[in-house]
Amino acid sequence: MRAMWLSALSTAVLIGCTPAPGGGGGGTLPPGEGTPPPADSAPVTQTPSQAATEIVIVKDMAFTPATVTIPAGGTVIWKFEDAIQHSSTSDAGSPKAWDSSILGAGATYTVRFDQPGTYPYHCTPHAAMMKGVVIVQ
């Protein structure tokens, strides 16, 4: 008898959880919710390399990330977070020249890049180990 009672209860619960025809769930969901999007629509996503602004952290004797990719007209912001002072300085022969000068923790430096190209740079006091590249597409 107990098994039959549990079976009837399980059936009643399952019937109560089945949505009403039309996907409206018995009127508890807004119209259209839970319905898949039309086949011709696709989600639009933005990858980090498409962002108009990239941030480079200057810390632990490194530029992180060491390479950033931005669209033409985009900017790079260097955030100096190291106890040791550093710079963001374009390499000789770079298509654009810039120099943040020597900056300490808490400082930021921003450069806008309007022309496509590859822009190598370094930290003046630590040029042998601190190098980076900005790629402008």
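Keep in mind that this is a model prediction, so the values were computed, not measured.
Formation of a donor-acceptor pair under 3.5 Å by the Asp82 side chain with backbone atoms of Met61 is found in this model. Proximity of a side-chain donor or acceptor of Lys96 to a complementary backbone N or O of Arg112 within less than 3.5 Å is detected. For the pair Ser90 (side chain) and Trp98 (backbone), a donor-acceptor distance under 3.5 Å is present. With hydrogens and angles ignored, the 3.5 Å screen pairs a side-chain donor or acceptor of Asp99 with a backbone N or O of Ser101. A donor-acceptor pair is defined here as one N or O able to donate and one able to accept, closer than 3.5 Å; such a pair exists between the side chain of His122 and the backbone of Thr89.
You'll find the side chain of Val56 reaches within 4.5 Å of the side chain of Val76, heavy atoms only. When side chains are defined from C-beta on, Gln137 counts as touching Thr69, because their heavy atoms get closer than 4.5 Å. For the pair Ile57 and Trp78, the minimum side-chain heavy-atom distance is 4.5 Å or more. Proximity of Thr124 to His86: side-chain heavy atoms (C-beta onward) are nowhere separated by under 4.5 Å.
Minimum interatomic distance between Gln85 and Gly104 (heavy atoms only, all atoms of both residues): CG-CA, 3.9 Å. Among all heavy-atom pairs drawn from Thr108 and Lys79, the shortest one is CG2-CG, 3.9 Å. Between Pro95 and Thr118 the shortest heavy-atom distance is CD-O, 3.3 Å.
The hydrophobic cluster containing Val133, built from Ile/Leu/Val/Met/Phe/Trp/Tyr side-chain heavy atoms closer than 4.5 Å, also comprises Ile135.
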key: Test side-chain contact (heavy atoms from CB on, under 4.5 Å) applied to Val58 and Glu81, step by step   = CA-CA 6 Å; Val58 184; Glu81 297 182 356; over 6 Å; no
inquiry  = Quick one, Thr75 with Thr53, criterion side chain to side chain donor-acceptor pair (under 3.5 Å). Give me CA distance, side-chain angles, the key distance, then yes/no.
reply    = CA-CA 5 Å; Thr75 59; Thr53 301; 3.0 Å; yes
side-chain contact (heavy atoms from CB on, under 4.5 Å) between Tyr109 and Ile77, intermediate numbers included = CA-CA 6 Å; Tyr109 182 71; Ile77 301 171; over 6 Å; no
task = Quick one: do Ile84 and His126 satisfy side-chain contact (heavy atoms from CB on, under 4.5 Å)? Show the steps, please.
result = CA-CA 10 Å; Ile84 299 170; His126 311 107; 3.8 Å; yes
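For the 3.5 Å distance criterion, the side chains of Ser87 and Ser100 fail to qualify, holding no donor opposite an acceptor.
Less than 6.0 angstrom separates the ring centroid of Tyr121 from the ring centroid of Phe63.
Under the 4.5 Å side-chain heavy-atom criterion for Ile, Leu, Val, Met, Phe, Trp and Tyr, Leu103 and Met129 are members of the same hydrophobic cluster.
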